[in-house]
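Before any comments, here is the structure.
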Amino acid sequence: MNNTASRIIRSEEITIDMRICTILAGGKKPGEVYFAAIAPDMELTVITLDEASDILPCFDESDASIHLPDTSLLLCYNPAQVLKMAGKRYLTGPVILVRTNMDGNFISLTIDDVYRFQKFLASHSVTLMADDQKLPCICIV
């Protein structure tokens, strides 16, 4: 990426889809674990544990994760899709939001979890620009 032609634009246009609320508020299948996923080419959506590796092939194998502040939520990502620029780190590929219990096992997200994720995205989503190309990213500092 050409650093002289790069700049950062904040993005505040991330919203929760009604489908997400419906699934998490009562449309869950018994025993199914639900996560949230977002990618540069995909809007925020609810996925099942079985779908996670379709979106993030290294999910639960060689993925990396960060804790969202003051939560039991983890943001999982492929460490190979981190761009370092100007002293910050940017996630450039898909990410999956998961919730764990005290034993470290995955459990389904709640609507409140997705809301917290939306607030995190609103303050950490940026679009990197280089040579008139846009790359939506999440800044993880």
Side-chain angles (χ1 to χ4, degrees), residues 1-3 5-141:
M1 178 178 276
N2 181 348
N3 286 336
S6 300
R7 61 190 172 103
I8 298 173
I9 301 171
R10 289 254 170 232
S11 172
E12 302 291 338
E13 299 181 16
I14 300 172
T15 59
I16 297 177
D17 188 304
M18 214 41 197
R19 182 179 155 272
I20 293 172
C21 294
T22 302
I23 291 170
L24 296 178
K28 300 181 204 175
K29 295 178 185 174
E32 194 76 74
V33 176
Y34 291 92
F35 303 142
I38 192 165
D41 60 349
M42 180 180 89
E43 291 186 21
L44 181 62
T45 189
V46 170
I47 63 169
T48 63
L49 175 60
D50 293 338
E51 296 170 309
S53 62
D54 293 338
I55 294 169
L56 186 63
C58 63
F59 181 75
D60 208 27
E61 292 174 12
S62 61
D63 63 334
S65 62
I66 59 168
H67 271 95
L68 264 62
D70 303 320
T71 70
S72 61
L73 302 173
L74 294 170
L75 190 61
C76 302
Y77 60 92
N78 181 344
Q81 293 184 309
V82 174
L83 175 66
K84 295 175 185 176
M85 185 172 81
K88 294 188 178 182
R89 296 181 319 145
Y90 298 92
L91 302 179
T92 61
V95 295
I96 297 179
L97 179 72
V98 302
R99 184 173 179 218
T100 57
N101 62 16
M102 297 294 275
D103 298 324
N105 297 318
F106 295 130
I107 55 177
S108 283
L109 295 175
T110 66
I111 293 172
D112 288 340
D113 296 332
V114 174
Y115 176 72
R116 283 186 193 97
F117 186 41
Q118 179 186 15
K119 284 179 60 176
F120 177 83
L121 289 172
S123 63
H124 290 79
S125 294
V126 297
T127 300
L128 300 179
M129 300 286 295
D131 302 324
D132 295 327
Q133 298 292 318
K134 294 182 180 182
L135 180 62
C137 301
I138 299 171
C139 179
I140 57 171
V141 182

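Atoms considered below: every heavy atom in the structure, side chains included; atoms not considered: hydrogens, waters and symmetry mates.
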Look only at the side chain of [X] and the backbone of [Y], and say whether a donor-acceptor pair between them is shorter than 3.5 Å.
X    : Y    : value
S125 : A122 : no
D131 : Q133 : no
T127 : C137 : no

* Asked: L74 and I66: side chain to side chain contact (heavy atoms under 4.5 Å, CB included), yes or no, with the steps?
  -> CA-CA 6 Å; L74 294 170; I66 59 168; over 6 Å; no

* To do: Return each pair, listed once, that meets side chain to side chain donor-acceptor pair (under 3.5 Å) where at least one residue sits in residues 46-61; pairs must be two or more places apart or across chains.
  => T48-E51

Could you check if a side-chain atom of [X] sits within less than 4.5 angstrom of a side-chain atom of [Y], using non-hydrogen atoms only?
X    : Y    : answer
I38  : L121 : yes
L68  : L97  : yes
L128 : L83  : yes
V126 : Y90  : yes
I47  : I55  : yes
F106 : L49  : yes
N78  : V95  : no

* Asked: Which is it for L73 and T100 under the side chain to side chain contact (heavy atoms under 4.5 Å, CB included) test, yes or no, and what are the steps along the way?
  -> CA-CA 7 Å; L73 302 173; T100 57; over 6 Å; no

* Asked: Does the side chain to side chain contact (heavy atoms under 4.5 Å, CB included) test come out yes or no for L91 and V82, once each step is laid out?
  -> CA-CA 5 Å; L91 302 179; V82 174; 3.7 Å; yes

Quick one: [atom1] on [X] to [atom2] on [Y], what's the gap to the nearest 0.5 Å?
X    : Y    : atom1 : atom2 : result
T92  : I138 : OG1   : CD1   : 10.0 Å
C139 : H124 : SG    : NE2   : 6.5 Å
N101 : S72  : CG    : OG    : 9.0 Å
L109 : Y34  : CG    : OH    : 11.5 Å

* So with a 6.0 Å cut-off around CG of N105, is the heavy-atom count from everything else above 12? -> yes

* Aromatic contact, Y77 with F59 (centres under 6.0 Å) ->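 Ring centres of F59 and Y77 not closer than 6.0 Å.
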
* To do: Any chance you could lay out the side chain to side chain contact (heavy atoms under 4.5 Å, CB included) test for T71 and F117, step after step, and finish with the verdict?
  => CA-CA 10 Å; T71 70; F117 186 41; over 6 Å; no

* Asked: Minimum heavy-atom separation for P94 to P40, with atom names?
  ->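 Between these two residues, the closest heavy atoms are N-CD, 4.1 Å.
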
* Asked: Which heavy atom of Q81 sits nearest a heavy atom of G93, and at what distance?
  ->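 What the structure gives for the nearest pair is OE1-CA, 3.5 Å.
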
* salt bridge (Lys or Arg N to Asp or Glu O under 4.0 Å) with D113: which residues, sequence neighbours excluded? -> R99, R116

